[in-house]
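Report on the structure given below.
Reminder, nothing fancy here: chain letters follow the sequence lines and each chain counts from 1.
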2 protein chains.
Amino acid sequence: MPPTSETLTAERILETTEEVLRRHGPAKATVVDVARALGVSHGSVYRHFRTKAALREAVTKRWLDRTSEALAGIVAEDRDPEARLRDWLRGLFDAKRRKAGDDPELFATYMVLTGESNEAVPEHIDDLTAQLTRIIEAGVAAGTFASDDPQSTARAVFHATGRFHDPCYAPEWAQPEAEADFAALVELVVLGLRA
Amino acid sequence: MPPTSETLTAERILETTEEVLRRHGPAKATVVDVARALGVSHGSVYRHFRTKAALREAVTKRWLDRTSEALAGIVAEDRDPEARLRDWLRGLFDAKRRKAGDDPELFATYMVLTGESNEAVPEHIDDLTAQLTRIIEAGVAAGTFASDDPQSTARAVFHATGRFHDPCYAPEWAQPEAEADFAALVELVVLGLRA
DNA sequence: CAGCTGACAGATTTCAATATCTGTCAGCTG
DNA sequence: CAGCTGACAGATATTGAAATCTGTCAGCTG
(Lines give C-alpha, C1' and ligand atoms only; values in the text may rest on other atoms or scores of the structure.)
Protein backbone atom coordinates (compact mmCIF):
# COMPACT_ATOMS: atom_id res chain seq x y z
CA MET A 1 0.00 0.00 0.00
CA PRO A 2 1.35 3.46 -0.87
CA PRO A 3 2.37 5.87 1.90
CA THR A 4 -0.49 7.89 3.33
CA SER A 5 1.26 11.14 4.07
CA GLU A 6 2.14 12.30 0.53
CA THR A 7 -0.18 14.59 -1.40
CA LEU A 8 -3.08 12.89 -3.07
CA THR A 9 -2.40 12.40 -6.77
CA ALA A 10 -4.25 10.63 -9.58
CA GLU A 11 -1.35 8.20 -9.81
CA ARG A 12 -1.57 7.21 -6.16
CA ILE A 13 -5.31 6.74 -6.43
CA LEU A 14 -4.83 4.44 -9.41
CA GLU A 15 -2.23 2.34 -7.59
CA THR A 16 -4.46 2.00 -4.57
CA THR A 17 -7.48 1.19 -6.73
CA GLU A 18 -5.53 -1.66 -8.35
CA GLU A 19 -4.67 -2.92 -4.88
CA VAL A 20 -8.29 -2.73 -3.70
CA LEU A 21 -9.51 -4.47 -6.86
CA ARG A 22 -6.95 -7.23 -6.36
CA ARG A 23 -8.09 -7.71 -2.76
CA HIS A 24 -11.87 -7.26 -3.01
CA GLY A 25 -12.65 -8.15 -6.63
CA PRO A 26 -14.62 -6.00 -9.08
CA ALA A 27 -18.04 -6.46 -7.48
CA LYS A 28 -17.08 -5.38 -3.94
CA ALA A 29 -14.38 -2.78 -4.62
CA THR A 30 -16.00 0.55 -3.76
CA VAL A 31 -14.80 4.12 -3.96
CA VAL A 32 -15.16 4.23 -0.19
CA ASP A 33 -12.75 1.28 0.07
CA VAL A 34 -10.20 3.11 -2.07
CA ALA A 35 -10.55 6.27 -0.01
CA ARG A 36 -10.20 4.30 3.24
CA ALA A 37 -7.04 2.56 1.93
CA LEU A 38 -5.62 5.98 1.09
CA GLY A 39 -6.64 7.46 4.44
CA VAL A 40 -8.79 10.18 2.87
CA SER A 41 -12.49 10.78 2.50
CA HIS A 42 -14.17 9.47 -0.64
CA GLY A 43 -15.01 13.03 -1.65
CA SER A 44 -11.30 13.58 -2.32
CA VAL A 45 -11.21 10.73 -4.77
CA TYR A 46 -14.04 12.38 -6.70
CA ARG A 47 -11.86 15.47 -7.02
CA HIS A 48 -9.51 13.46 -9.29
CA PHE A 49 -12.02 11.19 -11.06
CA ARG A 50 -15.46 12.43 -11.96
CA THR A 51 -17.15 9.05 -11.48
CA LYS A 52 -16.42 5.55 -10.28
CA ALA A 53 -16.64 4.39 -13.91
CA ALA A 54 -13.95 6.91 -14.94
CA LEU A 55 -11.68 5.66 -12.15
CA ARG A 56 -12.15 2.05 -13.21
CA GLU A 57 -11.57 2.92 -16.84
CA ALA A 58 -8.30 4.67 -15.99
CA VAL A 59 -7.11 1.60 -14.10
CA THR A 60 -8.07 -0.58 -17.07
CA LYS A 61 -6.18 1.65 -19.50
CA ARG A 62 -3.01 1.41 -17.40
CA TRP A 63 -3.27 -2.35 -17.31
CA LEU A 64 -3.79 -2.67 -21.08
CA ASP A 65 -1.04 -0.17 -21.86
CA ARG A 66 1.51 -2.30 -20.02
CA THR A 67 0.97 -5.05 -22.61
CA SER A 68 1.20 -2.67 -25.57
CA GLU A 69 4.44 -1.17 -24.28
CA ALA A 70 6.08 -4.57 -23.90
CA LEU A 71 5.39 -5.33 -27.57
CA ALA A 72 6.39 -1.91 -28.87
CA GLY A 73 10.03 -2.97 -28.47
CA ILE A 74 9.65 -5.73 -31.07
CA VAL A 75 8.08 -3.31 -33.54
CA ALA A 76 10.98 -0.89 -33.16
CA GLU A 77 13.68 -3.50 -33.79
CA ASP A 78 15.55 -3.57 -37.10
CA ARG A 79 15.19 -7.22 -38.11
CA ASP A 80 13.52 -9.53 -40.62
CA PRO A 81 9.82 -8.49 -40.56
CA GLU A 82 8.60 -12.10 -40.70
CA ALA A 83 10.65 -13.01 -37.63
CA ARG A 84 9.39 -9.88 -35.87
CA LEU A 85 5.80 -10.77 -36.75
CA ARG A 86 6.28 -14.27 -35.31
CA ASP A 87 7.90 -12.86 -32.16
CA TRP A 88 5.20 -10.22 -31.80
CA LEU A 89 2.36 -12.75 -32.05
CA ARG A 90 4.19 -15.08 -29.70
CA GLY A 91 4.84 -12.22 -27.28
CA LEU A 92 1.18 -11.21 -27.28
CA PHE A 93 0.01 -14.79 -26.74
CA ASP A 94 2.53 -15.43 -23.95
CA ALA A 95 1.75 -12.15 -22.20
CA LYS A 96 -1.99 -12.81 -22.19
CA ARG A 97 -1.62 -16.45 -21.24
CA ARG A 98 0.70 -15.57 -18.39
CA LYS A 99 -1.70 -12.96 -17.06
CA ALA A 100 -4.62 -15.37 -17.26
CA GLY A 101 -2.73 -18.32 -15.79
CA ASP A 102 -0.73 -16.66 -13.02
CA ASP A 103 -3.60 -14.95 -11.24
CA PRO A 104 -6.96 -16.08 -12.64
CA GLU A 105 -8.94 -14.02 -10.14
CA LEU A 106 -7.18 -10.79 -11.07
CA PHE A 107 -7.60 -11.67 -14.73
CA ALA A 108 -11.32 -12.21 -14.18
CA THR A 109 -11.43 -8.84 -12.44
CA TYR A 110 -9.93 -7.12 -15.49
CA MET A 111 -12.29 -9.03 -17.77
CA VAL A 112 -15.15 -7.40 -15.88
CA LEU A 113 -13.47 -3.98 -16.06
CA THR A 114 -12.82 -4.20 -19.81
CA GLY A 115 -16.44 -5.28 -20.25
CA GLU A 116 -17.63 -2.13 -18.45
CA SER A 117 -15.35 0.25 -20.29
CA ASN A 118 -16.33 1.52 -23.73
CA GLU A 119 -13.13 3.35 -24.59
CA ALA A 120 -10.23 1.40 -23.20
CA VAL A 121 -10.54 -1.79 -25.23
CA PRO A 122 -11.01 -0.23 -28.69
CA GLU A 123 -8.05 2.06 -27.97
CA HIS A 124 -5.92 -0.91 -26.95
CA ILE A 125 -6.88 -2.77 -30.12
CA ASP A 126 -6.05 0.32 -32.17
CA ASP A 127 -2.63 0.44 -30.49
CA LEU A 128 -1.95 -3.20 -31.28
CA THR A 129 -3.14 -3.13 -34.89
CA ALA A 130 -1.08 0.02 -35.44
CA GLN A 131 1.98 -1.93 -34.26
CA LEU A 132 1.07 -4.81 -36.56
CA THR A 133 0.62 -2.38 -39.45
CA ARG A 134 4.18 -1.11 -38.96
CA ILE A 135 5.61 -4.63 -39.08
CA ILE A 136 3.63 -5.48 -42.20
CA GLU A 137 4.66 -2.23 -43.87
CA ALA A 138 8.26 -3.12 -43.15
CA GLY A 139 7.67 -6.55 -44.71
CA VAL A 140 6.13 -5.03 -47.82
CA ALA A 141 9.05 -2.61 -48.10
CA ALA A 142 11.50 -5.50 -47.75
CA GLY A 143 9.60 -7.51 -50.37
CA THR A 144 8.86 -10.46 -48.06
CA PHE A 145 5.17 -9.64 -47.51
CA ALA A 146 2.49 -8.87 -50.08
CA SER A 147 -0.29 -6.43 -49.19
CA ASP A 148 -1.99 -3.62 -51.06
CA ASP A 149 -3.38 -2.22 -47.80
CA PRO A 150 -1.18 -2.96 -44.77
CA GLN A 151 -3.70 -1.48 -42.36
CA SER A 152 -6.49 -3.76 -43.54
CA THR A 153 -4.09 -6.69 -43.62
CA ALA A 154 -3.02 -5.93 -40.06
CA ARG A 155 -6.65 -6.01 -38.96
CA ALA A 156 -7.05 -9.37 -40.71
CA VAL A 157 -3.96 -10.77 -38.95
CA PHE A 158 -5.21 -9.45 -35.62
CA HIS A 159 -8.64 -10.98 -36.19
CA ALA A 160 -7.17 -14.27 -37.40
CA THR A 161 -5.13 -14.66 -34.23
CA GLY A 162 -7.91 -13.61 -31.86
CA ARG A 163 -8.15 -17.08 -30.39
CA PHE A 164 -4.66 -16.55 -28.93
CA HIS A 165 -5.06 -13.10 -27.50
CA ASP A 166 -8.75 -12.42 -26.96
CA PRO A 167 -9.59 -12.92 -23.27
CA CYS A 168 -12.83 -14.73 -24.11
CA TYR A 169 -10.65 -17.70 -25.11
CA ALA A 170 -8.55 -17.63 -21.93
CA PRO A 171 -9.84 -21.04 -20.70
CA GLU A 172 -8.52 -22.71 -23.86
CA TRP A 173 -4.99 -21.35 -23.42
CA ALA A 174 -4.23 -23.84 -20.66
CA GLN A 175 -5.18 -26.87 -22.74
CA PRO A 176 -2.33 -29.03 -24.08
CA GLU A 177 -3.26 -28.60 -27.77
CA ALA A 178 -3.03 -24.81 -27.51
CA GLU A 179 0.66 -24.73 -28.45
CA ALA A 180 0.21 -26.83 -31.59
CA ASP A 181 -2.90 -24.86 -32.58
CA PHE A 182 -1.02 -21.60 -32.15
CA ALA A 183 1.88 -22.83 -34.27
CA ALA A 184 -0.46 -24.03 -37.04
CA LEU A 185 -2.35 -20.75 -37.07
CA VAL A 186 0.80 -18.60 -37.20
CA GLU A 187 2.06 -20.76 -40.07
CA LEU A 188 -1.19 -20.25 -41.99
CA VAL A 189 -1.09 -16.50 -41.42
CA VAL A 190 2.57 -16.11 -42.38
CA LEU A 191 2.00 -18.14 -45.57
CA GLY A 192 -0.92 -15.90 -46.38
CA LEU A 193 1.28 -12.82 -46.03
CA ARG A 194 4.24 -14.00 -48.09
CA ALA A 195 4.88 -12.18 -51.34
CA MET B 1 -47.82 -25.10 -29.44
CA PRO B 2 -48.04 -28.80 -30.26
CA PRO B 3 -51.33 -30.68 -29.81
CA THR B 4 -51.90 -31.95 -26.29
CA SER B 5 -53.70 -35.21 -27.03
CA GLU B 6 -50.90 -37.16 -28.74
CA THR B 7 -48.63 -39.48 -26.74
CA LEU B 8 -45.79 -37.74 -24.94
CA THR B 9 -42.55 -38.16 -26.87
CA ALA B 10 -39.02 -36.79 -26.46
CA GLU B 11 -39.46 -34.90 -29.72
CA ARG B 12 -42.64 -33.15 -28.55
CA ILE B 13 -40.97 -32.23 -25.27
CA LEU B 14 -38.03 -30.69 -27.15
CA GLU B 15 -40.31 -28.65 -29.39
CA THR B 16 -42.25 -27.35 -26.43
CA THR B 17 -39.08 -26.60 -24.49
CA GLU B 18 -37.84 -24.47 -27.39
CA GLU B 19 -41.15 -22.64 -27.33
CA VAL B 20 -40.99 -22.08 -23.56
CA LEU B 21 -37.38 -20.88 -23.82
CA ARG B 22 -38.34 -18.47 -26.58
CA ARG B 23 -41.18 -17.09 -24.48
CA HIS B 24 -39.70 -17.06 -20.95
CA GLY B 25 -35.93 -16.85 -21.57
CA PRO B 26 -33.29 -19.15 -20.10
CA ALA B 27 -33.47 -17.88 -16.51
CA LYS B 28 -37.22 -18.30 -16.05
CA ALA B 29 -37.96 -21.34 -18.23
CA THR B 30 -38.69 -24.14 -15.78
CA VAL B 31 -39.50 -27.80 -16.22
CA VAL B 32 -42.86 -27.06 -14.65
CA ASP B 33 -43.51 -24.49 -17.40
CA VAL B 34 -42.70 -27.07 -20.08
CA ALA B 35 -44.99 -29.65 -18.46
CA ARG B 36 -47.79 -27.10 -18.14
CA ALA B 37 -47.43 -26.14 -21.83
CA LEU B 38 -47.70 -29.84 -22.71
CA GLY B 39 -50.67 -30.37 -20.40
CA VAL B 40 -48.87 -33.05 -18.33
CA SER B 41 -47.31 -33.19 -14.89
CA HIS B 42 -43.62 -32.37 -14.63
CA GLY B 43 -42.95 -35.92 -13.44
CA SER B 44 -43.72 -37.09 -16.98
CA VAL B 45 -41.04 -34.87 -18.45
CA TYR B 46 -38.50 -36.48 -16.12
CA ARG B 47 -39.47 -39.85 -17.59
CA HIS B 48 -37.88 -38.74 -20.91
CA PHE B 49 -35.03 -36.56 -19.64
CA ARG B 50 -33.15 -37.47 -16.49
CA THR B 51 -32.49 -33.86 -15.47
CA LYS B 52 -33.32 -30.34 -16.49
CA ALA B 53 -29.70 -29.96 -17.68
CA ALA B 54 -30.09 -32.97 -19.99
CA LEU B 55 -33.26 -31.49 -21.45
CA ARG B 56 -31.57 -28.15 -22.07
CA GLU B 57 -28.55 -29.84 -23.61
CA ALA B 58 -30.76 -31.82 -26.00
CA VAL B 59 -32.45 -28.61 -27.13
CA THR B 60 -29.04 -26.99 -27.63
CA LYS B 61 -27.78 -29.93 -29.71
CA ARG B 62 -30.80 -29.71 -32.02
CA TRP B 63 -30.24 -26.01 -32.50
CA LEU B 64 -26.53 -26.40 -33.30
CA ASP B 65 -27.14 -29.37 -35.60
CA ARG B 66 -29.42 -27.29 -37.78
CA THR B 67 -26.44 -25.07 -38.69
CA SER B 68 -24.14 -28.03 -39.38
CA GLU B 69 -26.68 -29.67 -41.66
CA ALA B 70 -27.13 -26.53 -43.73
CA LEU B 71 -23.37 -26.44 -44.42
CA ALA B 72 -23.00 -30.15 -45.08
CA GLY B 73 -24.51 -29.57 -48.53
CA ILE B 74 -21.59 -27.37 -49.59
CA VAL B 75 -19.10 -29.99 -48.44
CA ALA B 76 -20.81 -32.68 -50.51
CA GLU B 77 -20.80 -30.65 -53.73
CA ASP B 78 -18.39 -31.53 -56.53
CA ARG B 79 -16.82 -28.14 -57.25
CA ASP B 80 -13.59 -26.20 -56.99
CA PRO B 81 -12.48 -26.65 -53.35
CA GLU B 82 -11.40 -23.02 -53.00
CA ALA B 83 -14.84 -21.81 -54.10
CA ARG B 84 -16.46 -24.30 -51.73
CA LEU B 85 -14.26 -23.10 -48.86
CA ARG B 86 -15.25 -19.50 -49.56
CA ASP B 87 -18.93 -20.44 -49.76
CA TRP B 88 -18.69 -22.54 -46.60
CA LEU B 89 -17.10 -19.73 -44.56
CA ARG B 90 -19.60 -17.25 -45.97
CA GLY B 91 -22.45 -19.65 -45.20
CA LEU B 92 -21.30 -20.11 -41.62
CA PHE B 93 -20.88 -16.36 -41.10
CA ASP B 94 -24.24 -15.53 -42.65
CA ALA B 95 -26.08 -18.24 -40.71
CA LYS B 96 -24.67 -17.06 -37.38
CA ARG B 97 -25.14 -13.41 -38.16
CA ARG B 98 -28.73 -13.99 -39.20
CA LYS B 99 -29.48 -15.93 -36.01
CA ALA B 100 -27.92 -13.21 -33.88
CA GLY B 101 -29.51 -10.33 -35.76
CA ASP B 102 -33.02 -11.63 -36.39
CA ASP B 103 -33.88 -12.51 -32.80
CA PRO B 104 -31.25 -11.22 -30.39
CA GLU B 105 -33.14 -12.42 -27.33
CA LEU B 106 -33.38 -15.99 -28.60
CA PHE B 107 -29.71 -15.83 -29.58
CA ALA B 108 -28.83 -14.68 -26.06
CA THR B 109 -30.89 -17.57 -24.72
CA TYR B 110 -28.86 -20.06 -26.73
CA MET B 111 -25.63 -18.37 -25.66
CA VAL B 112 -26.62 -19.15 -22.08
CA LEU B 113 -27.55 -22.72 -23.00
CA THR B 114 -24.29 -23.39 -24.85
CA GLY B 115 -22.44 -21.96 -21.86
CA GLU B 116 -24.15 -24.45 -19.56
CA SER B 117 -23.62 -27.46 -21.77
CA ASN B 118 -20.26 -29.23 -21.71
CA GLU B 119 -20.86 -31.65 -24.59
CA ALA B 120 -22.88 -29.89 -27.23
CA VAL B 121 -20.43 -27.16 -28.23
CA PRO B 122 -17.28 -29.31 -28.60
CA GLU B 123 -19.33 -31.80 -30.64
CA HIS B 124 -20.60 -29.01 -32.88
CA ILE B 125 -17.06 -27.73 -33.36
CA ASP B 126 -15.88 -31.24 -34.19
CA ASP B 127 -18.66 -31.49 -36.78
CA LEU B 128 -17.66 -28.23 -38.41
CA THR B 129 -13.91 -28.87 -38.45
CA ALA B 130 -14.58 -32.33 -39.91
CA GLN B 131 -16.47 -30.62 -42.74
CA LEU B 132 -13.62 -28.16 -43.24
CA THR B 133 -11.13 -31.04 -43.25
CA ARG B 134 -13.01 -32.68 -46.13
CA ILE B 135 -12.91 -29.49 -48.20
CA ILE B 136 -9.20 -29.03 -47.53
CA GLU B 137 -8.48 -32.66 -48.37
CA ALA B 138 -10.31 -32.16 -51.67
CA GLY B 139 -8.17 -29.09 -52.31
CA VAL B 140 -4.96 -30.96 -51.57
CA ALA B 141 -6.07 -33.78 -53.87
CA ALA B 142 -6.85 -31.26 -56.60
CA GLY B 143 -3.47 -29.58 -56.12
CA THR B 144 -4.92 -26.15 -55.28
CA PHE B 145 -4.25 -26.30 -51.51
CA ALA B 146 -1.03 -27.20 -49.71
CA SER B 147 -1.23 -28.98 -46.35
CA ASP B 148 0.71 -31.86 -44.83
CA ASP B 149 -2.02 -32.34 -42.20
CA PRO B 150 -5.49 -31.30 -43.40
CA GLN B 151 -7.05 -31.91 -40.01
CA SER B 152 -4.63 -29.54 -38.26
CA THR B 153 -5.00 -27.04 -41.12
CA ALA B 154 -8.77 -27.22 -40.81
CA ARG B 155 -8.50 -26.41 -37.10
CA ALA B 156 -6.25 -23.46 -37.98
CA VAL B 157 -8.78 -22.17 -40.54
CA PHE B 158 -11.60 -22.60 -38.05
CA HIS B 159 -9.65 -20.74 -35.37
CA ALA B 160 -8.57 -18.02 -37.80
CA THR B 161 -12.18 -17.29 -38.74
CA GLY B 162 -13.53 -17.44 -35.18
CA ARG B 163 -14.30 -13.74 -35.18
CA PHE B 164 -16.95 -14.44 -37.83
CA HIS B 165 -18.63 -17.44 -36.31
CA ASP B 166 -17.93 -17.46 -32.58
CA PRO B 167 -20.98 -16.10 -30.72
CA CYS B 168 -18.80 -14.08 -28.36
CA TYR B 169 -18.21 -11.70 -31.30
CA ALA B 170 -21.89 -11.42 -32.22
CA PRO B 171 -22.09 -7.69 -31.31
CA GLU B 172 -19.39 -6.90 -33.91
CA TRP B 173 -21.24 -8.63 -36.75
CA ALA B 174 -23.71 -5.77 -37.07
CA GLN B 175 -21.01 -3.11 -37.49
CA PRO B 176 -20.48 -1.69 -40.98
CA GLU B 177 -16.81 -2.73 -41.22
CA ALA B 178 -17.66 -6.39 -40.59
CA GLU B 179 -18.10 -7.18 -44.28
CA ALA B 180 -14.75 -5.72 -45.30
CA ASP B 181 -13.02 -7.39 -42.36
CA PHE B 182 -14.54 -10.72 -43.29
CA ALA B 183 -13.44 -10.38 -46.90
CA ALA B 184 -9.88 -9.45 -45.88
CA LEU B 185 -9.65 -12.36 -43.47
CA VAL B 186 -10.95 -14.91 -45.99
CA GLU B 187 -8.43 -13.59 -48.51
CA LEU B 188 -5.57 -14.00 -46.04
CA VAL B 189 -6.66 -17.55 -45.16
CA VAL B 190 -7.14 -18.63 -48.78
CA LEU B 191 -3.71 -17.24 -49.71
CA GLY B 192 -2.23 -19.15 -46.79
CA LEU B 193 -3.77 -22.38 -48.10
CA ARG B 194 -2.74 -22.05 -51.76
CA ALA B 195 -0.22 -24.60 -53.01
C1' DC C 1 -8.01 30.03 -1.11
C1' DA C 2 -6.90 25.22 -2.77
C1' DG C 3 -7.80 21.13 -1.16
C1' DC C 4 -10.19 18.23 1.96
C1' DT C 5 -14.18 16.73 4.85
C1' DG C 6 -18.48 14.67 6.04
C1' DA C 7 -23.54 14.97 5.84
C1' DC C 8 -26.96 14.17 2.55
C1' DA C 9 -30.43 12.32 -1.33
C1' DG C 10 -31.16 8.97 -4.41
C1' DA C 11 -29.47 4.60 -6.38
C1' DT C 12 -27.73 0.12 -5.52
C1' DT C 13 -26.67 -3.92 -2.80
C1' DT C 14 -27.35 -7.17 0.97
C1' DC C 15 -29.88 -10.35 3.70
C1' DA C 16 -33.28 -13.24 5.49
C1' DA C 17 -37.92 -14.77 5.07
C1' DT C 18 -40.88 -16.69 1.71
C1' DA C 19 -42.11 -18.87 -2.51
C1' DT C 20 -40.94 -21.74 -6.30
C1' DC C 21 -38.45 -25.30 -8.48
C1' DT C 22 -35.96 -29.85 -9.13
C1' DG C 23 -35.86 -34.56 -8.88
C1' DT C 24 -37.99 -38.84 -6.56
C1' DC C 25 -41.30 -42.21 -5.88
C1' DA C 26 -45.43 -44.63 -4.04
C1' DG C 27 -49.59 -45.25 -5.83
C1' DC C 28 -53.41 -44.27 -9.31
C1' DT C 29 -55.52 -45.06 -13.98
C1' DG C 30 -56.86 -46.71 -18.47
C1' DC D 1 -48.82 -53.08 -16.10
C1' DA D 2 -46.83 -49.00 -18.70
C1' DG D 3 -47.29 -44.58 -18.21
C1' DC D 4 -48.79 -40.75 -15.61
C1' DT D 5 -49.78 -38.12 -11.29
C1' DG D 6 -49.01 -35.28 -7.39
C1' DA D 7 -47.06 -34.89 -2.70
C1' DC D 8 -42.65 -34.36 -0.79
C1' DA D 9 -37.58 -32.96 0.74
C1' DG D 10 -33.91 -30.33 -0.31
C1' DA D 11 -32.06 -26.78 -3.40
C1' DT D 12 -32.74 -22.43 -5.73
C1' DA D 13 -34.98 -18.07 -6.72
C1' DT D 14 -37.74 -14.01 -5.36
C1' DT D 15 -38.92 -10.24 -2.55
C1' DG D 16 -38.89 -6.25 0.21
C1' DA D 17 -36.83 -3.92 4.18
C1' DA D 18 -32.46 -2.36 5.89
C1' DA D 19 -27.71 -1.24 4.97
C1' DT D 20 -24.31 0.58 1.97
C1' DC D 21 -22.67 3.15 -1.86
C1' DT D 22 -22.34 7.00 -5.35
C1' DG D 23 -21.96 11.61 -6.39
C1' DT D 24 -22.71 16.53 -4.59
C1' DC D 25 -21.67 20.46 -2.09
C1' DA D 26 -21.52 23.84 1.78
C1' DG D 27 -18.27 24.76 4.86
C1' DC D 28 -13.80 23.73 7.43
C1' DT D 29 -8.63 23.89 7.64
C1' DG D 30 -3.77 24.74 6.98
Side-chain angles (χ1 to χ4, degrees), chain A residues 1-60 105 108-109 112-113 115-119, chain B residues 1-60 105 108-109 112-113 115-119:
Chain A
M1 205 180 311
T4 54
S5 50
E6 280 169 39
T7 57
L8 190 59
T9 160
E11 184 64 21
R12 279 187 64 219
I13 294 174
L14 290 176
E15 282 167 20
T16 306
T17 305
E18 276 192 9
E19 179 67 21
V20 169
L21 281 166
R22 190 172 290 121
R23 209 170 294 188
H24 294 48
K28 305 185 88 183
T30 71
V31 176
V32 172
D33 288 331
V34 173
R36 186 166 27 238
L38 282 162
V40 300
S41 87
H42 74 281
S44 300
V45 174
Y46 280 97
R47 176 161 301 279
H48 292 84
F49 296 92
R50 224 170 309 162
T51 66
K52 182 187 184 185
L55 172 58
R56 285 174 161 235
E57 183 148 357
V59 170
T60 309
E105 275 192 59
T109 291
V112 173
L113 293 195
E116 289 170 359
S117 152
N118 299 333
E119 296 266 308
Chain B
M1 208 178 311
T4 56
S5 50
E6 281 169 37
T7 57
L8 190 59
T9 160
E11 184 63 22
R12 280 188 62 221
I13 294 174
L14 289 176
E15 283 167 18
T16 306
T17 305
E18 275 192 9
E19 180 66 23
V20 170
L21 280 165
R22 190 171 291 123
R23 207 168 297 186
H24 293 48
K28 303 186 94 184
T30 73
V31 176
V32 173
D33 289 331
V34 174
R36 185 166 29 237
L38 282 161
V40 300
S41 86
H42 74 281
S44 302
V45 173
Y46 279 98
R47 177 162 301 279
H48 292 84
F49 295 93
R50 223 171 309 163
T51 65
K52 181 187 182 182
L55 172 58
R56 284 174 163 238
E57 183 148 358
V59 171
T60 309
E105 274 192 57
T109 292
V112 172
L113 293 195
E116 289 169 359
S117 152
N118 299 333
E119 296 265 309

Selected nucleotide, minimal atom distance to [X] side chain, candidates [options]:
{"X": "B:Val32", "options": "D:dG23, D:dC21, C:dC21", "value": "C:dC21"}
{"X": "B:Ser44", "options": "D:dG23, D:dT5, C:dT5", "value": "D:dT5"}
{"X": "A:Lys28", "options": "D:dG23, C:dG23, C:dT14", "value": "C:dT14"}
{"X": "A:Thr30", "options": "C:dC4, C:dG23, D:dC21", "value": "D:dC21"}
{"X": "A:Tyr46", "options": "D:dG23, C:dG23, D:dG6", "value": "D:dG23"}
{"X": "B:Arg47", "options": "D:dC4, D:dT22, C:dG23", "value": "D:dC4"}

### Task
For A:Thr16 and A:Arg12, indicate whether the former's side chain and the latter's backbone hold a donor-acceptor pair under 3.5 Å.
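Flag set: sc A:Thr16 to bb A:Arg12 pair under 3.5 Å.
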So how far is it from [X] [atom1] to [Y] [atom2], rounded to the nearest 0.5 Å?
{"X": "B:Ile13", "Y": "B:Thr9", "atom1": "CD1", "atom2": "OG1", "value": "7.0 Å"}
{"X": "B:Thr17", "Y": "B:Arg56", "atom1": "OG1", "atom2": "CZ", "value": "9.5 Å"}
{"X": "B:Asp33", "Y": "B:Lys28", "atom1": "CG", "atom2": "NZ", "value": "9.5 Å"}

### Message
So B:Arg36 and B:Val32, do their side chains get closer than 4.5 Å, heavy atoms only?
### Response
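In short, these two side chains touch, coming nearer than 4.5 Å.
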#### Entry: Electrostatic pair B:Glu19:B:Arg22 at N-O distance under 4.0 angstrom
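Salt bridge: yes.
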### Task
Enumerate, in order of first residue number, the stems that involve DNA chain C, defined as 3 or more consecutive Watson-Crick or G-U wobble pairs with both distances under 3.5 Å.
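In DNA chain C, stems of three or more pairs: C:1-30 with D:1-30.
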### Task
Tell whether A:His42 reaches the base of C:dG6 with its side chain through a donor-acceptor pair below 3.5 angstrom.
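Side chain to base: no pair below 3.5 Å.
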